[in-house]
Every structure is written in structure tokens, then in C-alpha cells.
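Down below is the structure, laid out as C-alpha cells.
Just so it is clear, the values below take in all heavy atoms, side chains as well, and ignore hydrogens, waters and symmetry mates. Order of the sequence lines sets the chain letters (A, B, ...), proteins ahead of strands, with each chain counted from 1. Worth saying up front: this structure is predicted, and the values here are computed from it rather than measured.
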Protein chains: 2
Amino acid sequence: MLTIGKLAAETGVKVPTVRYYEQIGLLPPPERSRGNQRLYGPLARQRLAFIRHARALGFPLEAIRDLLSLSDRPELPCSAADAIAKAQLAAVQARITQLKALEQELQRMVVQCAHGTIADCRVIEVLGDHGQCAQDHHTAPID
Amino acid sequence: MLTIGKLAAETGVKVPTVRYYEQIGLLPPPERSRGNQRLYGPLARQRLAFIRHARALGFPLEAIRDLLSLSDRPELPCSAADAIAKAQLAAVQARITQLKALEQELQRMVVQCAHGTIADCRVIEVLGDHGQCAQDHHTAPID
DNA sequence: CTTGAAGCTATAGTTACTAGAGACATTAGC
DNA sequence: GCTAATGTCTCTAGTAACTATAGCTTCAAG
């Protein structure tokens, strides 16, 4: 049996985060020692590793909750899990596209910087004037 | 003079967000009408457009706060603004690199999906077993 | 002059944690 | 066996950057 600290170290999740996952119902409440400390078995370790891994891939906790409830029913068809993964893939790809556009814009700003005074600094000028900008931020979502 | 709704519409920022920016000190408290409604001049419009534009480029509000205080002192050298923009550019590039790795991983998961039952679903299997994974998530930061 | 949209304040909720306070449990060294 | 250090407990509050709700007042149009 693992204490919460060992579990955290083994899975790469921080201790308060483990308790948080329990609080929001992603992890079941574990056994307790006589002194009321949490004790985890290998199943909990596996489940937490799953969560950690999915988080590292950018899945939101709600998607992970769905995946976990799916994995508890191995007889169901795989399509639901597939759909969640595909949605996540699409989200990641959209984010990459958007960030590349931002990268272009920032690069333009930085390259153009005159290294003079603020008064003729392109960085601030570009940010202040939408006309200087290659992108259409008025329709783009923020962040 | 613009009401908050007009200002919001013109800059593409939502009304509660404008009030929020005032609350956290990014926008100065504007004049008020006799009926206590906010009234904005062209300077406020410009400042809000600057904020909106910088946000669209992914600058955190704290960086924007710094840029705004810089732009109030046009005699200063440009290097501080340049540094902020460069830091933002580096952050965006790092994020792109990371997201591309995640994209690979997700694509592998989705492609391998057997379309059978959950029991042999690669999506869930890969998430549950770090060994299946090309990436080293144990050292990678989450999100 | 009345009605409906827009504005006001204040509070709470969102996501996914993180940090702190103050008390109890466990372990290592002596 | 004792003590000190570390680990764990609960609970609350804080983070970023808003968004939403409630209950009220003001404004502009017909």
C-alpha cells in the first residue's frame, strides 16, 4: 500500500492534485490507515497514471472522466473513446494553426523593432493599430 | 462619447470584460453620465483596442500592463517592449513545439483504434500505459 | 409615457489546480 | 523511549481571465 506521497512521486502528480482528483470524483476515496492517512493500491496507481497521461496529452478533465467511465465498461464499442480522442486531436490542430499565425505576427513585430525609443517602437505601434497587422483579430477568438 | 456597449462593439471586447479591465486597473475609470453610466472618449477606445490586440496575440494581462505603462513614457528606450514581445514569441514557439508532439501522439492513438470494443481500444490502452507512448510525459509539464 | 434594451453593482462560478494555516501521524536517529 | 523532522490531514482562499446571475436603474424609441 502506498501513501499519498509515494503515489504522487510514482505517477508524477503532485500530492494536493491527487486529493483534488479525489474531491472532484476522478479517483475513488481510498482506504485509510489507523491514523486516517490515505492508502492506495495498484489499481489507484494505474488510474492516476491514466489521468496524468491523458492530461499530458491535453485532454480536459471532463473528457478524462468520460474515458474513465468508458474503460470501466470494456464490452462497449470503442467508438466513443475514438470520438473523444479525435475531438482532442482536432482541438490541438486548430490551436497549432492559430499559434503559427501568432508566431508570424510576433516575429514581424520583433524584427521591425527599431531599437530606438518607445516613441518609434514597432512593438507598441503594431499593438496599438490594427491596420499594421496581417491578421484579422476582430473575428479571431481571443487566446 | 461612447457608452460601454458601443465601445465594446467597436473594439470587439465584451461589455463585462471592459468593466473587468477597469476593475483590475488596465483601463482608467471613465467619466459618468448624469445617470451614472460610463462614457468613453477616443483615448479609452484606443487603449482598449491595444489591450484587445495584445490579448489576441496571447500576451498575458500582466505583460499588457507593462506594455501600457511603457507606452505612457515614449522617451524610454524600446528595449523593454522588445523584450516583452520576444518573451511572448519564445513562449508561443515553445507551445507550438509541444503541441506538435501531442498531435503526433494523438494521431497514433486515433489511427490505431481497432473500432472494436473498449476492451481492445488503443485509445484507452495507450492512455493507460506509458510504455505505449513515444513521449516522455514524466518530465514534460502538464498542459 | 411606456416599454424594452442597455447599463449599474455585487457576488459567484468557471478550469485545473496551488498555497497556506494549524493540527495530527509517522519515521529516523540517538 | 524520545525527539525532531518530515509527511499528511482538513479547510479555506488564491490564481488567470473572464463569464454569468440577480435585482436594480437609466435611456432611447415610438
Side-chain angles (χ1 to χ4, degrees), chain A residues 1-27 29-40 44 48 50-68 87-88 91 95 137 140-143, chain B residues 1-27 29-40 44 48 50-68 87-88 91-92 95 102 137 140-143:
Chain A
M1 286 307 213
L2 299 165
T3 63
I4 196 171
K6 303 269 164 64
L7 178 75
E10 280 192 18
T11 54
V13 175
K14 287 179 192 143
V15 169
T17 306
V18 176
R19 288 195 279 250
Y20 169 70
Y21 286 162
E22 178 184 333
Q23 190 193 313
I24 64 171
L26 276 191
L27 290 175
E31 287 180 57
R32 298 289 184 126
S33 72
R34 264 172 302 126
N36 197 35
Q37 301 194 347
R38 290 170 178 81
L39 291 178
Y40 296 92
L48 182 56
F50 181 102
I51 296 170
R52 152 80 186 176
H53 205 161
R55 282 296 295 137
L57 288 170
F59 287 86
L61 289 184
E62 271 321 293
I64 295 171
R65 197 188 293 276
D66 292 346
L67 287 170
L68 280 170
Q88 177 60 17
R95 191 88 180 101
H137 294 313
I142 280 191
D143 211 11
Chain B
M1 286 307 210
L2 299 166
T3 63
I4 195 169
K6 302 270 165 62
L7 178 74
E10 279 191 21
T11 54
V13 175
K14 288 180 192 142
V15 169
T17 306
V18 177
R19 289 195 279 250
Y20 168 71
Y21 286 162
E22 179 184 334
Q23 190 194 312
I24 63 170
L26 276 191
L27 290 175
E31 288 181 56
R32 298 290 184 126
S33 71
R34 265 171 301 124
N36 196 37
Q37 301 194 346
R38 289 170 178 82
L39 291 177
Y40 296 92
L48 182 55
F50 181 101
I51 296 170
R52 152 79 186 176
H53 205 159
R55 283 294 297 137
L57 288 170
F59 287 85
L61 288 184
E62 271 321 292
I64 295 171
R65 198 188 293 276
D66 292 346
L67 287 169
L68 281 170
Q88 177 60 18
V92 166
R95 190 87 182 102
L102 300 187
H137 294 314
I142 280 190
D143 213 8

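B:Phe59 has its CZ atom 13 Å from the P atom of D:dA17, to the nearest Å. Whole-Å rounding puts the B:Met1 CE to C:dA6 P distance at 21 Å. If you measure from atom CG of A:Leu26 to atom C1' of C:dA16, you get 11 Å, rounded to the nearest angstrom. In this structure, the CZ atom of A:Arg65 is 12 Å from the C1' atom of C:dA16, given to the nearest Å. Straight-line distance from the CG atom of A:Leu27 to the P atom of C:dA16: 15 Å, rounded to whole Å. When rounded to the nearest whole Å, the span between CD of B:Glu31 and C1' of C:dG7 equals 17 Å. For B:Leu7 and C:dG7, the CG to C1' distance is 13 Å, given to the nearest whole Å. Rounded to an integer number of Å, the gap from OH of A:Tyr40 to C1' of D:dG7 is 14 Å.
Between the two ends of the helix from C:dC1-D:dG30 to C:dC30-D:dG1, each summarised by a five-pair axis, the helix axis turns through 0° (rounded to 10 degrees).
Residue A:Lys14 has its side chain nearest to C:dT18 when only C:dT18, D:dC18, C:dA16 are considered.
Residue A:Tyr20 places no side-chain N or O under 4.0 Å from the OP1 or OP2 atom of C:dT15. Contact check, B:Ser33 against D:dT26: no side-chain N or O comes under 4.0 Å of OP1 or OP2. For the OP1/OP2 pair of C:dT18 and a distance below 4.0 Å, the side-chain nitrogens and oxygens of A:Thr17 include at least one atom meeting the criterion.
Annotation: side chain to side chain contact (heavy atoms under 4.5 Å, CB included) contacts of A:Arg34 (sequence neighbours excluded): none.
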Mark up nucleotides 8-13 of chain D, 5' to 3', with B wherever a protein heavy atom is under 4.0 angstrom from a base atom, S wherever such an atom reaches only the sugar-phosphate, and - elsewhere.
-> SSB---

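In this structure the side chain of B:Leu48 never reaches within 4.5 angstrom of the side chain of B:Tyr40, judged on heavy atoms. The shortest distance between side-chain heavy atoms of B:Leu67 and B:Phe50 falls below 4.5 Å. A:Pro30 is not listed as a side-chain neighbour of A:Met1, based on a closest heavy-atom distance of 4.5 Å or more. Using a 4.5 Å heavy-atom cutoff, the side chains of A:Arg55 and A:Tyr21 are in contact. The shortest side-chain heavy-atom distance between B:Val13 and B:Ile51 does not fall under the 4.5 Å cut-off. No side-chain heavy atom of A:Glu10 sits less than 4.5 Å from a side-chain heavy atom of A:Leu7.
Scanning both residues, A:Asn36 and A:Arg32, for their nearest heavy atoms gives O-NH1, 2.8 Å.
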Evaluate the criterion salt bridge (charged side-chain N to carboxylate O under 4.0 Å, His left out) for residue pair B:Arg65 and B:Glu62; output intermediate values, then yes/no.
-> CA-CA 5 Å; B:Arg65 198 188 293 276; B:Glu62 271 321 292; 3.0 Å; yes

